[in-house]
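Everything below concerns the one structure shown next.
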Amino acid sequence: MHELSIVASLFEILEEKAEEQKAKRIVGVKLQVGALSGVVPEFLETAFNIYKKETLADKARLEIEKVPLKIQCQKCHTEMVKDDFVFICENCGSRELETLGGTELLLEKIEMEVS
Amino acid sequence: MEKKEVLVLEELLGSNKKIAAEIRKKLEDKGILTINLLSSPGAGKTTLLERIAEGLSPDYSMAVIEGDIETERDSERIRAKGIPAWQIITGGACHLEAKMVAKVFSEIPADLDFLFIENVGNLVCPASYDLGENIRCVILSTPEGDDKPKKYPQAFTTSDCLIINKADLIPALPFKVENAKREALEINPKLKIFITSALKGSGVRELIEYFQSSLRKLRQKNA
């Protein structure tokens with residue numbers, strides 16, 4: 001359960017961006033969390049709501065977009081979404097697959113009040 | 001009050017990745033191969049390191065960074081083999097981060113062949129943190145069951161090598177090596193798989209040969 005460590009890293013970036021933009025307050029944060037990121041979105045939200053107290057983001061909403069695991073076969077080029085994480089092409093059975101998405105742990109955007 | 005939306009698209013663990021990349025570069029420049037060992041508690045990481053130390057001696061040198069929530073026990077075991085070891089006590093944290101490794105970095109001798117990092121025993125959280133390693137090994141011990149790869153996918157999808165340890169217990173367990181291998185290769189077809197008994201010493205030779213050939217490749221790249 002390293003979600004609190006990840007939220008601590010998130011707040012380092014939030015503070016930096018808030019200072020850059022001279023923000024008075026952060027009101028919204030949007031993350032992208034991949035199915036294979038190793039992070040549980042619900043715990044991330046709990047950790048965020050604990051961590052945000054007494055920060056610029058104390059009233060901020062957290063939005064989490066869950067990104068499914070998406071892979072592409074390098075042989076037949078079929079793209080597929082995999083809920084079972086099995087890296088075998090559904091079309092041709094090849095194991096040569098490239099991950100297109102689903103491992104990310106990304107801060108997409110921040111909504112701030114400036115001036 | 002004026003509102004503003006700022007598009008960031010930054011990785012949350014970007015700063016960890018950056019530190020890890022710096023560590024990797026510095027160690028590679030010194031010709032040191034770094035191996036990060038991940039497993040649940042009690043899978044046999046420290047015992048395996050003791051066997052590896054015996055197998056590498058006297059032709060190769062190694063050092064170990066030990067990550068634990070509490071106690072110096074693991075590094076004491078490694079030092080008892082005449083191997084330099086640094087203990088990182090995380091004080092509750094469930095994983096090592098690159099910045100913790102960076103703290104002991106200055107003490108690592110330059111003329112080393114292998115640096116092993118024994119992560120905190122945990123099959124979940126350590127998988128998210130690059131520590132600057134060249135090879136990530138996940139160790140699955142047979143009493144844990146052959147169904148673990150898909151239950152803890154990230155540890156297996158981010159690893160280069162799977163070590164199935166405690167093979168000596170297989171006769172007493174429902175563990176099927178073929179099931180574990182099949183599951184692991186389904187979620188990560190690139191995994192190199194080794195079957196060991198750190199306690200009895202079986203399979204360790206093949207693992208050491210893999211590390212040695214990886215070290216040769218690293219140094220050829222440097223040359």
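Here is the naming used below: chain letters follow the sequence lines, and residue numbers restart at 1 for every chain.
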Sole residue of Thr34(B), Asp130(B), Asn134(B) in side-chain hydrogen bond (donor to acceptor under 3.5 Å, both in side chains) with Arg24(B):
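Running side-chain hydrogen bond (donor to acceptor under 3.5 Å, both in side chains) over Thr34(B), Asp130(B), Asn134(B) with Arg24(B) returns exactly one hit, Asp130(B).
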When heavy-atom pairs shorter than 4.5 Å are enumerated against chain B, which of Val27(A), Ile88(A), Ile13(A), Leu31(A) gives the highest number?
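Highest number of pairs under 4.5 Å: Ile13(A).
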Under a 4.5 Å heavy-atom cutoff, which of [options] has the most pairs with chain A?
options	answer
His95(B), Lys150(B), Gln154(B), Glu183(B)	Gln154(B)
Leu7(B), Val6(B), Asn16(B), Leu185(B)	Val6(B)
Lys3(B), Lys190(B), Lys4(B)	Lys4(B)

Please check if the distance between the ring centroids of Phe194(B) and Phe211(B) is under 6.0 Å.
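Here the rings of Phe211(B) and Phe194(B) have centres that are no less than 6.0 Å from each other.
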Looking just at side-chain N and O atoms, do Thr142(B) and Lys166(B) make a donor-acceptor pair shorter than 3.5 Å?
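Their side chains do not contain a donor-acceptor pair, so the 3.5 Å distance test is not met.
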Which bit of Thr99(A) is near chain B, if near means a heavy-atom gap under 4.5 Å: side chain, backbone, both or neither?
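Thr99(A) has no heavy atom closer than 4.5 Å to chain B.
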Quick one: what part of Glu113(A) sits under 4.5 Å from any heavy atom of chain B, side chain, backbone, both or neither?
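Its backbone and side chain both get close to chain B.
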Is Glu97(B) close to chain A through its backbone or its side chain, or both, or neither, when contacts mean heavy atoms under 4.5 Å?
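It is the side chain, since no backbone atom gets that close.
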Contact class of Tyr129(B) relative to chain A, heavy atoms under 4.5 angstrom:
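For Tyr129(B), side-chain heavy atoms alone lie under 4.5 Å from chain A.
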Is the Lys NZ or Arg CZ of Lys52(A) less than 6.0 Å from the centre of Phe11(A)'s six-membered ring, within 45° of the axis?
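The answer is no, since Lys52(A) fails at least one limit relative to Phe11(A).
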Under a 4.0 Å threshold between the charged nitrogen and the carboxylate oxygen, would Lys17(A) count as salt-bridged to Glu10(B)?
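A salt bridge is present here (some side-chain N lies under 4.0 Å from a carboxylate O).
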Can Arg95(A) and Glu186(B) be counted as an ion pair, charged N to O under 4.0 angstrom?
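Here Arg95(A) does not pair with Glu186(B) in a salt bridge, since their nearest N and O are not under 4.0 Å apart.
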